[in-house]
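Report on the following structure.
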Amino acid sequence: MSSLFTPLTLRSLQIPNRVWMSPMCMYSAAPEGPDTGAPTDFHLTHLASRAAGGAGLVMAEATGVRPDGRISPWDLGLWNDRQQEAFTRITEAITAHGAVPAIQLAHAGRKASVDKPWLSDRYLTEDENGWQPVAPSPVAYDGLAVPHELTVEEIQQLVGDFADSARRALAAGFQVVDVHGAHGYLINSFLSPASNHRTDAYGGSFENRIRFALEVVDAVRAVWPEDLPVFFRTSATDWLTENPEDEREGWTGEDTVRLAKELHAHGVDLVDVSTGGMVRDAKIVAGPNYQVPFADQARNQAGIPTATVGIITEPQQAEDIITGGQADAVFLGRELLRNPYWAQHAALTLGAEPTWPDQYAYAVKRRKH
């Protein structure tokens with residue numbers, strides 16, 4: 001039997017296979033008015049079609065826990081009743097196709113308030129539905145605005161905002177919540193010495209820099225059911241320290257192992273391992289499986305289940321990652337944009353049974369050539 005198409009049980013939740021849909025921003029929500037941040041018919045079609053396509057877990061894009069937590073004015077949010085209600089029909093559609101509905105809760109921090117990437121990706125001012133970003137330190141992401149340095153009181157409010165959004169996610173029908181601690185966004189910017197220059201209890205030492213992440217995890221875990229899993233997405237490296245030509249100090253794979261052990265102790269069930277996003281000019285040599293070693297390292301040194309990402313495009317490639325014990329699941333992003341039914345075709349390739357919807361299976365299975 002294919003390892004990729006065996007179930008994975010986390011707490012009491014059984015996820016039917018190890019092919020999962022990555023959270024990918026679609027920049028398609030209303031930027032203002034009563035429907036600000038609420039998912040639309042586009043999001044319903046986008047997410048439900050990947051569930052019909054055989055993905056075992058379908059994760060909604062990075063969803064702002066408050067208005068200034070969105071990456072762009074067109075991102076999803078989950079801070080009010082209207083958004084929560086709109087998400088409910090999406091979780092129902094994902095579940096109806098046999099997949100697990102998941103959501104990534106996020107705050108974009110110093111990388112917030114930007115234009116759609118296919119337009120300009122530039123900083124948007126308040127006159128353009130933008131806002132001032134916030135961060136642990138007033139250190140700008142290259143080309144964007146200098147962020148407001150958060151006070152301790154503001155940090156504690158943010159911890160509460162993550163918990164409030166988690167409560168809403170549960171009420172909307174999600175079965176997995178993923179805390180976004182990667183790609184240079186708010187939590188990641190606390191973790192990395194490249195962006196966190198604080199001298200109080202939230203900066204300086206490793207223990208201080210991970211404090212905010214653990215406080216968010218604790219707050220989310222406290223409102224999330226004991227029998228359902230919590231994920232944490234991390235950037236395993238900033239790609240700075242590993243580069244001998246770069247004098248900047250960054251977050252490393254070894255740091256991720258230390259963090260993963262703490263996350264596990266605080267009730268996180270799986271670490272979703274990505275890399276990068278802290279600085280624009282990091283030197284990254286990307287290629288198939290280039291991030292898999294970091295998931296492998298966290299899984300086998302920290303003793304926590306992991307998922308991996310990054311240029312995973314072929315069924316046998318994904319199968320080998322799972323059978324080799326490098327990760328417990330694979331998240332597919334752009335490959336699922338190209339082919340929403342990747343998982344169904346991969347099942348056929350690997351000798352597993354596809355899970356076509358009945359409406360499709362009748363025709364698909366009758367085809368002889």
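Each residue takes its place number in the sequence, starting with 1.
Side-chain atoms of Lys261 and Ile304, non-hydrogen and from C-beta on, never get closer than 4.5 Å to each other. Residues Val223 and Leu170 are not in side-chain contact: their nearest non-hydrogen atoms beyond the backbone lie 4.5 Å or more apart. Proximity of Arg248 to Asp281: side-chain heavy atoms (C-beta onward) are separated by under 4.5 Å at one or more points. Side-chain contact between Thr256 and Thr237 is absent, with no heavy-atom pair separated by less than 4.5 Å. Using a 4.5 Å heavy-atom cutoff, the side chains of Asp328 and Arg18 are in contact. A 4.5 Å side-chain heavy-atom check between Asp68 and His148 finds every atom pair outside the cut-off. The shortest distance between side-chain heavy atoms of Pro73 and Trp131 falls below 4.5 Å. Put simply, the side chain of Leu240 does not reach to within 4.5 Å of the side chain of Glu249, judged on heavy atoms.
Atoms CG and CG, on Leu13 and Asp227 in that order, are 8.5 Å from each other to the nearest 0.5 Å. Distance CG/Leu350 to OG/Ser2: 4.5 Å, rounded to 0.5 Å. Distance check, rounded to the nearest 0.5 Å: OG1 of Thr252 to CG of Asp238 gives 9.0 Å. Between atom OG1 of residue Thr95 and atom CD of residue Gln175 there is a gap of 5.5 Å, rounded to the nearest 0.5 Å. Here Phe331 contributes atom CZ and Phe231 contributes atom CZ; the two are 6.0 Å apart, rounded to the nearest 0.5 Å. Ile71 contributes atom CD1, which lies 9.5 Å from atom CG of Asp121 (distance to the nearest 0.5 angstrom).
At a threshold of 4.5 Å between side-chain heavy atoms, the hydrophobic network of Ile, Leu, Val, Met, Phe, Trp and Tyr places Val257 and Val271 in two separate groups. Two different hydrophobic clusters hold Tyr141 and Ile187 under the rule that ILVMFWY side chains link at heavy-atom gaps under 4.5 Å. Under the 4.5 Å side-chain heavy-atom criterion for Ile, Leu, Val, Met, Phe, Trp and Tyr, Leu47 and Leu337 are members of the same hydrophobic cluster. By the rule that hydrophobic residues join a cluster once side-chain heavy atoms approach within less than 4.5 Å of another member, Ile90 and Leu336 end up as members of one cluster. Grouping the Ile, Leu, Val, Met, Phe, Trp and Tyr side chains by contacts below 4.5 angstrom, directly or via other members, places Trp79 apart from Leu76.
Scanning all heavy atoms of the two residues, the minimum distance from Arg198 to Ser137 falls at N-OG, 3.5 Å. Summarising the geometry of His197 relative to Ala194, their closest heavy-atom pair is NE2-O, 3.5 Å, with the distance given to 0.1 Å. Shown here for Glu215 and Val159, the closest heavy-atom pair between the two residues is O-CG1, 3.6 Å. Heavy atoms only, all atoms of each residue included: Ile312 and Glu335 are closest at O-CB, 4.0 Å. Taking each heavy atom of Thr313 and Arg338 in turn, the nearest pair found is CG2-NH2, 4.3 Å. Nearest heavy atom pair, residue Ser22 against residue Gly333, reads CB-CA, 4.0 Å.
When each of Arg233, Gln104, His180 is tested with Asp272 by the rule side-chain hydrogen bond (donor to acceptor under 3.5 Å, both in side chains), just one qualifies, namely Arg233. Exactly one of Tyr290, Trp239, Trp251 qualifies for a side-chain hydrogen bond (donor to acceptor under 3.5 Å, both in side chains) with Thr275. That residue is Trp239.
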Q.
I'd like to know whether Thr36 forms a side chain to side chain contact (heavy atoms under 4.5 Å, CB included) with Arg70, so could you lay out the CA-CA distance, the side-chain angles of the two residues, the decisive distance to 0.1 Å, and finally the verdict.
A. CA-CA 11 Å; Thr36 296; Arg70 295 167 296 162; 3.4 Å; yes
* List the steps and the verdict of side chain to side chain contact (heavy atoms under 4.5 Å, CB included) for Leu144 and Arg280. => CA-CA 11 Å; Leu144 302 184; Arg280 287 192 193 272; 4.1 Å; yes
How far apart are the C-alpha atoms of Arg66 and Leu158, what are their side-chain angles, what is the distance that settles it, and do they pass the side chain to side chain contact (heavy atoms under 4.5 Å, CB included) test?
CA-CA 9 Å; Arg66 65 187 203 186; Leu158 278 158; 3.5 Å; yes
Decide yes or no on side chain to side chain contact (heavy atoms under 4.5 Å, CB included) for Leu150 and Leu186, but give the supporting numbers first. CA-CA 11 Å; Leu150 291 162; Leu186 185 63; 4.0 Å; yes
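A salt bridge between Arg221 and Asp218 is absent, with no side-chain N of the basic residue lying under 4.0 Å from a carboxylate O of the acidic one. The pair Asp246-Lys283 does not count as a salt bridge, with every side-chain nitrogen at least 4.0 angstrom from each carboxylate oxygen.
No more than 12 heavy atoms of other residues, nucleotides or ligands sit less than 6.0 Å from atom CZ of Arg334.
Listed by first then second residue, pairs satisfying salt bridge (Lys or Arg N to Asp or Glu O under 4.0 Å) with a partner in residues 84-110 read Asp41-Arg89, not counting sequence neighbours.
A cation-pi geometry, defined here as NZ or CZ lying under 6.0 Å from the six-membered ring centre and within 45° of its normal, holds between Arg258 and Phe206.
Judged by distance alone, with hydrogens and angles left aside, the side-chain atoms of Arg211 form a donor-acceptor pair with the main-chain N or O of Ala201 at under 3.5 Å. When atom types are taken as modelled, the side chain of Gln344 and the backbone of Ala52 share a donor-acceptor pair closer than 3.5 angstrom. With hydrogens and angles ignored, the 3.5 Å screen pairs no side-chain donor or acceptor of Thr40 with any backbone N or O of Ala29. Side-chain atoms of Glu149 never come within 3.5 Å of backbone atoms of Pro138 as a donor-acceptor pair (strictly under, hydrogens ignored). Between the side chain of Asn80 and the backbone N or O of Gln83, at least one donor-acceptor pair lies under 3.5 Å. Looking only at distances, no side-chain donor or acceptor of Asp75 sits under 3.5 Å from a matching main-chain atom of Gly64. At distances below 3.5 Å, not a single donor-acceptor pair connects side-chain atoms of Gln156 with backbone N or O atoms of Glu153. Looking at Ser120, its side chain never comes within 3.5 Å of a backbone N or O of Asp115 through a donor-acceptor pair. Side-chain N or O atoms of Gln14 include none that pairs as donor or acceptor with a backbone N or O of Pro7 at under 3.5 Å. Between the Asn196 side chain and the Leu191 main chain, no donor and acceptor come within less than 3.5 Å of each other.
Side-chain polar atoms of Gln326 and Thr308 form no donor-acceptor pair below 3.5 angstrom. Side-chain contact annotation: Ser274 with His183, donor-acceptor N/O pair under 3.5 Å present.
Residues satisfying the ring-ring contact (aromatic ring centres under 6.0 Å, His included) test with Tyr27, not counting sequence neighbours, are Trp118. By the ring-ring contact (aromatic ring centres under 6.0 Å, His included) test, Phe42 is found to be paired with His46, residues two or more places apart in sequence or in another chain being considered.
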